[in-house]
Q: 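Structure below; questions to follow.
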2 protein chains.
Amino acid sequence: MRSGERDYVGALQKGLAVIEALGASEARLSLSEVARSASLTRAAARRYLLTLARLGYAEFDGGRFSLTPHVLRLGYAYFSSASLPRLAQPIVERIGERTHEVASIAVLDGAEILFLARSARRRIISASTGVGTRMPAYCTAIGRVLLAARADADIERFLKDIRPKKFTPRTLTGQRDLLQAILGARREGYAISDEELEIGLRSIAVPVADSRGQVRLAMSVSLQAARMTPAQMTEHLLPELRAGAAQLSTMI
Amino acid sequence: MRSGERDYVGALQKGLAVIEALGASEARLSLSEVARSASLTRAAARRYLLTLARLGYAEFDGGRFSLTPHVLRLGYAYFSSASLPRLAQPIVERIGERTHEVASIAVLDGAEILFLARSARRRIISASTGVGTRMPAYCTAIGRVLLAARADADIERFLKDIRPKKFTPRTLTGQRDLLQAILGARREGYAISDEELEIGLRSIAVPVADSRGQVRLAMSVSLQAARMTPAQMTEHLLPELRAGAAQLSTMI
DNA sequence: TCATAATGTGCGCATTGCGCACACATAATT
DNA sequence: AATTATGTGTGCGCAATGCGCACATTATGA
């Protein structure tokens, strides 16, 4: 597969698309479902599935395919090889202890944020912020502070490309509203997501700049909305986040 | 790449090997290092690396390659798609609360165990038992109860194939000793690893049978050795583990 | 500066991944 | 129960894709 480019292995791209297709479904998938999801012919999909099964990354129960734990080797490769999660985890845990809420660190990944570290849960909050979890960037506090660090043209392209879903009555979905929120995050140096992702959930986030002043990470605290008003969050949680962000900044 | 088999895509296998090579190193890798580690020619390794970079799974700083958080999509695909981690996590958390120690669930993956769920850390124990972490099966309590559920021929083959490293003066490495420990785990229905992996660390584990009576999972509690003797662990922790394992058994 | 090692690149080639067509199996409908 | 529709497995021939090679270029170390 030259794809207009010499050093590109199309078979690898297709195989990875098959893994993602399997992972995107909560149910086990048939051959045809995988083929459709990964945009391949049935014959090709079958070859990739059989290869993954042979290598131990997937299994086949005679009718349907699913991933095996072995595939964690691929994802966790990042944690083994990158120093950032190791540096971030203690910081996030300490913020969690001091605030008695859930603290997290995430990066931008396409139109989503991807969680890299998280403190222990102190209370039931249903939004899943476990490590490796993804959420839409546009309506999360972390997403907004990360977008705020982008060039304006990037932000505009982002806003033009997304199809924002309205998760709650409070979810901002208009381009102008979102742009205002992102620019506000840039101006204030933090963002609050106020029941936009889920009713009853509030988050506050700050950016973490690295030694070159680049912002590729952000840190947040999330909690049940009943516990604090946005103003209280600014007053009580923001200082902790800023201290944690400053500390992590010195390490990366 | 037919490899004596028609429906096998060798390029996918090589690409996945490159991901694992990157993940196995704590430092960023040069092209030649990846090629050596993944047993490929430089030209092939370069193609796979450039493909991964193009797809966002890896990045290149002009000299060296490393994985990006995007690769978490592959690993975490398992958690999104499999019900087991969701079912297991609350159980493990409750055992952690009741015992005030770290509870974990793991599966066998080759010669290693792979952690799938873990309760919050209550105290500093240095052995890394985070989700996705791998450890050698031969000297961990979980590994031993999982091996105990295997056929004798499997166990013998396993013992013949491994090259056990002696982590501490207490690590069992002789085939006879290991076989005795595994058979003991089978007889007693649990195993204790007593400072074999790391000085100061003790673990106790039980198998979790599924509805067909198959054992593909095990559950453990790990703690600082100073906190309990093996006899105390058997007395205080084993009942909790057995209750948790029985509960999880009804769900899978 | 020189020698060595590593990386980047273009090339021709054969092998590998490809889609196709058909046989077979399963599920759904009449 | 018979028929129809859908999905899966398999063998095949083919050309496009991944391949290694050789050389140019760059980087590193002494």
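Owing to the predicted nature of the structure, the values given are computational and were not obtained by experimental measurement. Keep in mind that the numbers below use all heavy atoms, side chains included, and drop hydrogens, waters and symmetry copies. Lettering follows sequence order; numbering is per chain, from 1.
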Q: Would you mind telling me which of D:dC19, D:dG7, C:dG8 lies closest to the side-chain atoms of B:Phe60?
A: C:dG8
Q: Tell me the interatomic distance from A:Arg47, atom CZ, to C:dT15, atom P, rounded to whole angstroms.
A: 18 Å
Q: Provide, to the nearest angstrom, the distance between the CG atom belonging to B:Leu49 and the P atom belonging to D:dC19.
A: 12 Å
Q: Whole-Å distance between C:dA25 C1' and A:Leu31 CG?
A: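 Computing the A:Leu31:CG to C:dA25:C1' distance gives 14 Å.
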Q: Let me know, please, whether A:Gly62 or A:Leu12 comes out on the 5' side of the other along DNA chain D by nearest nucleotide.
A: A:Gly62
Q: Within the pair A:Ser30 and D:dG7, is there a side-chain N or O less than 4.0 Å away from OP1 or OP2?
A: no
Q: What is the distance, rounded to the nearest whole Å, between atom CG of B:Leu50 and atom P of C:dG10?
A: 13 Å
Q: Measure from the side chain of A:Tyr48, starting at C-beta and using heavy atoms only, and say which of C:dG8, C:dC18, C:dG19 lies closest.
A: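 That would be C:dC18.
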Q: I want to check a possible cation-pi pair here: B:Arg54 against A:Tyr8, using under 6.0 Å from ring centre and within 45° of the ring axis as the test.
A: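 Relative to the ring axis of A:Tyr8, which defines the angle, B:Arg54 lies inside both limits.
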Q: Has the side chain of A:Arg46 got a donor or acceptor atom sitting under 3.5 Å from an opposite partner on the base of D:dG7?
A: no
Q: Expressed as a whole number of angstroms, how long is the span from B:Lys14:NZ to D:dG20:P?
A: 6 Å
Q: To the nearest Å, how far apart are A:Leu29 CG and D:dG7 C1'?
A: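 It is 14 Å, rounded to the nearest whole Å.
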Q: Classify the side-chain pair A:Arg94/A:Gln247 by whether it contains a donor and acceptor separated by less than 3.5 Å.
A: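 Judged by distance alone, the side chains do pair up.
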Q: Quick one: does NZ or CZ of A:Arg144 land under 6.0 Å from the six-membered ring centre of A:Tyr138, within 45 degrees of the ring axis?
A: no
Q: Taking only side-chain nitrogens and oxygens of A:Tyr8, does any of them come within less than 4.0 Å of OP1 or OP2 of D:dC19?
A: no
Q: In whole angstrom, what separates A:Gln13's CD from C:dC18's P?
A: 11 Å
Q: Given D:dG7, C:dA6, D:dG9, identify the nucleotide with an atom nearest to the side chain of A:Arg36.
A: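 Nearest to the side-chain atoms of A:Arg36, counting from C-beta on, is D:dG7.
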Q: Using atom types as modelled and distance alone, determine if a side-chain donor or acceptor of B:Gln89 lies under 3.5 Å from a backbone N or O of B:Arg118.
A: yes
Q: Would you mind reading off the distance between A:Asp7 atom CG and D:dC19 atom C1', rounded to a whole angstrom?
A: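 That distance rounds to 11 Å.
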Q: Taking side chain as C-beta onward, heavy atoms only, is A:Asp210 less than 4.5 Å from A:Val215?
A: no
Q: Side-chain N or O of B:Thr41 less than 4.0 angstrom from OP1 or OP2 on D:dG20?
A: yes
